[in-house]
Amino acid sequence: MDFQKYYVIKMDLNLKDNLIAALTTEDNEITPVGSFPATCMIELMEKEGVSWPKGHTDAEDMAKIAASAYEHVGLESMVLPFDLCFEAEALGCEVLLTDHDNSSQTTNCPFTIDDFEADPDFIHNARFPAMIEATKILQDKYDDVPIVGAMSGPITVLGQCLGIEGVLKDVNTKVNTVEDALDEMTMALTEQVELYNELGMDAIVLYEPNGAPELLAPPLFERLLNPLHEELTDASDIPMVLHVCGNSLPQLENMMSCGYQGVSIADDVNLDDAQATREKLGSDTVVCGNISVTDTLFMKSPADVKAEVTTALEKNVNVVLPACMIAPLSPAQNVRAMIEARNEYFGI
């Protein structure tokens with residue numbers, strides 16, 4: 001933590017204000033280095049004395065995991081919850097939480113695409129109470145570190161519940177039924193956005209991996225998802241960032257047209273191309289990303305990480321982020337190198 005305290009004090013930097021400015025006005029002092037998508041590294045969890053699956057369900061452990069990326073490597077945000085089945089479980093699905101990482105999977109779903117109705121108690125179910133309590137624990141302890149609420153998007157949650165292969169087949173055979181289910185899902189997810197508003201979260205990261213262009217062609221994304229994402233961003237009082245995995249470049253025009261303050265891109269997307277798309281649209285949506293998690297952060301050296309971060313900064317990335325969820329066994333020194341590279345770039 002000493003290096004983290006040093007540069008924050010030296011810059012008189014409020015990390016919360018700096019991230020919000022980067023996402024909204026671009027009038028930030030230095031480029032933030034964030035940790036969303038969620039960062040759940042085994043090395044850091046061991047330092048905190050926490051493990052899976054309890055870390056998914058216990059508020060105190062959840063708070064420790066969310067804070068660990070800030071406490072031990074200096075990443076400038078704290079993100080929770082941690083897995084893509086969080087909403088599916090609250091909608092009534094049975095979910096298996098693993099004991100070795102933050103992954104999860106749905107084992108049983110109580111509804112079909114034809115009869116889905118969102119539970120009106122959605123935000124009071126399953127792990128929501130633990131997440132709410134964990135958020136309050138973090139807010140009591142950290143005044144100036146941004147807390148980011150994570151959630152999944154409509155077609156991703158529907159896919160977690162029913163299986164994305166079946167949902168995509170239904171798009172081809174009964175698209176109106178799918179649209180009805182997505183509308184119902186969006187009503188539930190709007191409640192989640194409003195809950196994050198009420199909790200005083202500082203930002204929201206929304207995962208929509210099932211909106212990747214290899215799964216959902218851009219015209220279908222525009223038809224099925226753009227209006228729903230607009231509903232979600234309209235409901236938010238805080239900045240929102242949309243993350244789509246893989247090569248999202250063909251989807252970027254859609255992603256930048258739904259009211260998000262930021263898009264989070266993977267290393268499959270060249271930052272120059274992403275910034276060119278933004279310029280072409282005249283969009284206010286900033287570009288976040290895209291440090292490789294499967295290659296650089298997981299497999300390479302701190303020097304390689306620094307080189308990749310420096311390149312991203314030279315290409316005017318607005319927020320430095322991992323390209324996706326950091327692999328649980330990634331070495332802490334590599335993730336810390338993201339902060340060190342940014343500090344060296346800005347002469348801190």
Quick one: does N290's side chain have a donor or acceptor within less than 3.5 Å of a partner on V269's backbone? yes

For the side-chain contact (heavy atoms from CB on, under 4.5 Å) test, which of M185, E191, M187 pairs with L189? M185

Using modelled atom types only, decide if a donor and an acceptor are shared between the side chain of T112 and the backbone of D114 within a distance under 3.5 Å. yes

Looking at Q139 and L199, would you say the former's side chain and the latter's main chain have a donor-acceptor pair under 3.5 Å? yes

Do the charged groups of E308 and K300 touch, with an N to O distance under 4.0 Å? no

Could you check if a side-chain atom of M255 sits within less than 4.5 angstrom of a side-chain atom of V244, using non-hydrogen atoms only? yes

T31 to N18 - nearest heavy-atom pair and separation: C-ND2, 4.4 Å

Checking Q105 side chain against L96 main chain: does a donor-acceptor pair fall under 3.5 Å? no

For D144, is there an ion pair with K16 - N to carboxylate O distance below 4.0 angstrom? no

Backbone N or O of T156 within a donor-acceptor pair of the E208 side chain at under 3.5 Å? yes

Short N-O contact, K136 and E198, less than 4.0 angstrom: no

Can you tell me how far apart CZ (F221) and CD (Q251) are? Round to the nearest 0.5 Å. 5.0 Å

So Q192 and N197, side-chain contact (heavy atoms from CB on, under 4.5 Å) or not? Walk me through it. CA-CA 9 Å; Q192 188 173 0; N197 291 338; over 6 Å; no

Does the pair R223/E179 count as a salt bridge with the N-to-O cut at 4.0 Å? yes

Any donor-acceptor N/O pair, S330 side chain to I326 backbone, under 3.5 Å: no

CA sep, side-chain torsions, deciding dist, call: K280, E253, salt bridge (Lys or Arg N to Asp or Glu O under 4.0 Å): CA-CA 9 Å; K280 170 188 170 184; E253 290 195 19; 2.6 Å; yes

Here the gap from N102 atom CG to W52 atom CH2, rounded to the nearest 0.5 Å, amounts to 5.0 Å

Output yes when a side-chain donor or acceptor of N14 lies under 3.5 Å from a complementary backbone atom of D17, and no otherwise. yes

Evaluate the side-chain contact (heavy atoms from CB on, under 4.5 Å) criterion for residues I164 and V167: first the C-alpha distance (whole Å), next the side-chain angles of each, then the deciding distance (0.1 Å), finally the verdict. CA-CA 5 Å; I164 189 58; V167 172; 4.2 Å; yes

Salt bridge present between D273 and R278 (N-O < 4.0 angstrom): no

Verify side-chain contact (heavy atoms from CB on, under 4.5 Å) between V241 and V319, making sure each step is shown before the conclusion. CA-CA 11 Å; V241 176; V319 180; over 6 Å; no

Start with the C-alpha distance between L313 and V309, add both sets of side-chain angles, then the distance that settles side-chain contact (heavy atoms from CB on, under 4.5 Å), and finish with yes or no. CA-CA 6 Å; L313 291 167; V309 171; 4.0 Å; yes

Could you please spell out the steps behind the side-chain hydrogen bond (donor to acceptor under 3.5 Å, both in side chains) verdict for E26 and N318? CA-CA 8 Å; E26 299 182 69; N318 298 93; 3.2 Å; yes

Would a 4.5 Å heavy-atom cut-off, applied to side chains only, mark D202 and Y196 as touching? no

The single option from V171, T173, L168 passing side-chain contact (heavy atoms from CB on, under 4.5 Å) against V178: V171

In the structure I gave you, are the side-chain heavy atoms of T294 and S292 within less than 4.5 Å of one another anywhere? yes

Any donor and acceptor pair, going by atom type alone, linking the side chain of T106 with main-chain N or O of Q160 inside 3.5 Å? yes

Are Q261 and I20 close enough that some pair of their side-chain heavy atoms sits under 4.5 Å apart? no

To the nearest 0.5 Å, what is the distance between CD1 (I147) and CD1 (I204)? 13.0 Å

Inter-residue atom distance H229.NE2 - T186.OG1, 0.5 Å rounding: 7.5 Å

